[in-house]
2 protein chains.
Amino acid sequence: MNEPRNWPTGLKKTRQRLAVLEVLESTRELLTVSEICARLDASEGTPSISTVYRVLDLFEKKGVVVKTNAISGDTAVYALNRFEHRHYAICVACKKIIAMDNCPMESFVPSLADEGFHVVGHDLQIMGFCRECDQKRGG
Amino acid sequence: MNEPRNWPTGLKKTRQRLAVLEVLESTRELLTVSEICARLDASEGTPSISTVYRVLDLFEKKGVVVKTNAISGDTAVYALNRFEHRHYAICVACKKIIAMDNCPMESFVPSLADEGFHVVGHDLQIMGFCRECDQKRGG
DNA sequence: CAACAAATGCGAACGATTCGCATGTACGCT
DNA sequence: AGCGTACATGCGAATCGTTCGCATTTGTTG
């Protein structure tokens, strides 16, 4: 188990937390809790599913991971916070997730009825067909 | 019960479906299923909750309503499809939802590794504090 | 090494949504 | 108008993701 560079202050370093972190460090995919659990099963010291939820909640609060449930709507996905601003395109056929390199919000001022609205973040996904599925659909 | 202009072909006009449609026609808010049920309770012929789900699924497939679960993540919200392109800003404190009049995607080409990706839609929300909640937070 | 607070495991609880199946009803046909 | 059938509904149970309560274990600090 490797030593993460920036362990948040005041958090105990437990086997379970390090294991979850290791899974997230090992990929750039967005993982659901069950996917994280599946990858944990391979290694020893597998935490229970409630612990995984608690660890992820904690990590999210501390800014170690980012969470979004925008992709499938009914299941949250998590990724290590690499301090990149990222959005994703999702293939509606095969559910493949493709990272986007740019962001339309960089130079966008929303037009809102509440003019005092203080923007702190945003969430964006693009839906469509990946090249492969688009070809399968034919013309 | 009024006659909707564009009833999708091949759908039986039932009391329950018309009632759900009426609720959605009566507001521009985004409503959860339980909110819809609450508004149905006032009128007679209240459909069961499973029927409300089924009616909404059907309406969504037919393009009569739009569904999104991006707002709260764990609860879907529905609105009549008024064939407007709309996004929303959500106050993270009071959960107020404010419609946005413009869209950053109008002139945006996503940069994706899959160059054949065929975009068919997108979903965007802005998070922040509404004027009121922002003031309460103080400086 | 002891002590305490914090973390974990387990299973139960929960809310949103879906499903199965028996019953009811809209709509086309006569 | 009346019939018949495919489709819609109601009800409750099942499911899925997630949270919670509580007894037990484990990091960390001194």
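So you know, we letter chains A, B, ... as the sequences are listed, proteins then strands, and number each from 1.
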Would you kindly give the [atom1]-to-[atom2] distance between [X] and [N], to the nearest whole Å?
X: A/Tyr78; N: D/dT18; atom1: OH; atom2: P; value: 6 Å
X: A/Asn69; N: C/dT17; atom1: CG; atom2: P; value: 12 Å
X: B/Leu56; N: D/dT9; atom1: CG; atom2: C1'; value: 14 Å
X: A/Leu58; N: C/dA5; atom1: CG; atom2: P; value: 19 Å
X: A/Leu11; N: D/dT28; atom1: CG; atom2: C1'; value: 13 Å
X: B/Lys61; N: D/dA8; atom1: NZ; atom2: P; value: 11 Å
X: A/Ile49; N: C/dG11; atom1: CD1; atom2: C1'; value: 13 Å
X: B/Trp7; N: C/dA26; atom1: CH2; atom2: P; value: 12 Å

Quick check on [N]: is either OP1 or OP2 less than 4.0 Å from any side-chain nitrogen or oxygen of [X]?
X: A/Arg17; N: D/dG27; result: no
X: A/Tyr53; N: D/dT19; result: no
X: A/Gln16; N: C/dG9; result: yes
X: B/Thr51; N: D/dT9; result: no

Checklist outcome for this item: In short, the helix from C/dC1-D/dG30 to C/dT30-D/dA1 is bent end to end, axes from five pairs each side, to 10°, by 30°
Checklist entry - Would you say the base of C/dC10 and the side-chain of A/Ser50 have a donor-acceptor pair closer than 3.5 Å? => result yes
Next on the checklist: Let's test your reading of the model: under 3.5 Å, does the base of C/dG9 pair with the side chain of A/Arg54 as donor and acceptor?
Outcome noted: yes
Next on the checklist: For B/Val109, is there any backbone N or O sitting under 3.5 Å from a side-chain donor or acceptor partner on A/Asn102?
Outcome noted: yes
Item to check | With A/Glu60 via side-chain hydrogen bond (donor to acceptor under 3.5 Å, both in side chains) - residues at least two apart | outcome: none
Checklist entry - Closest nucleotide of DNA chain C for B/Lys12 versus for B/Asp57: which of these residues is on the 5' side? => result B/Asp57
Checklist entry - Do the side chains of B/Val65 and B/Asn81 get nearer than 4.5 Å, heavy atoms only? => result no
Next on the checklist: With heavy-atom distances below 4.5 Å as the criterion, would you say the side chains of B/Pro8 and B/Val64 are in contact?
Outcome noted: yes
Checklist outcome for this item: Rounded to the nearest 0.5 angstrom, the CZ-CD1 distance for B/Phe129 and B/Ile90 is 13.0 Å
Item to check | Position toward the 5' end of DNA chain D (nearest nucleotide), B/Val55 or A/Asp74 | outcome: B/Val55
Checklist entry - B/Thr46 and B/Gln16: side chain to side chain contact (heavy atoms under 4.5 Å, CB included), yes or no, with the steps? => result CA-CA 7 Å; B/Thr46 302; B/Gln16 294 87 337; over 6 Å; no
Checklist entry - Do the ring planes of B/Phe59 and B/Trp7 sit parallel (below 30°), tilted (30 to 60°) or perpendicular (above 60°)? => result perpendicular
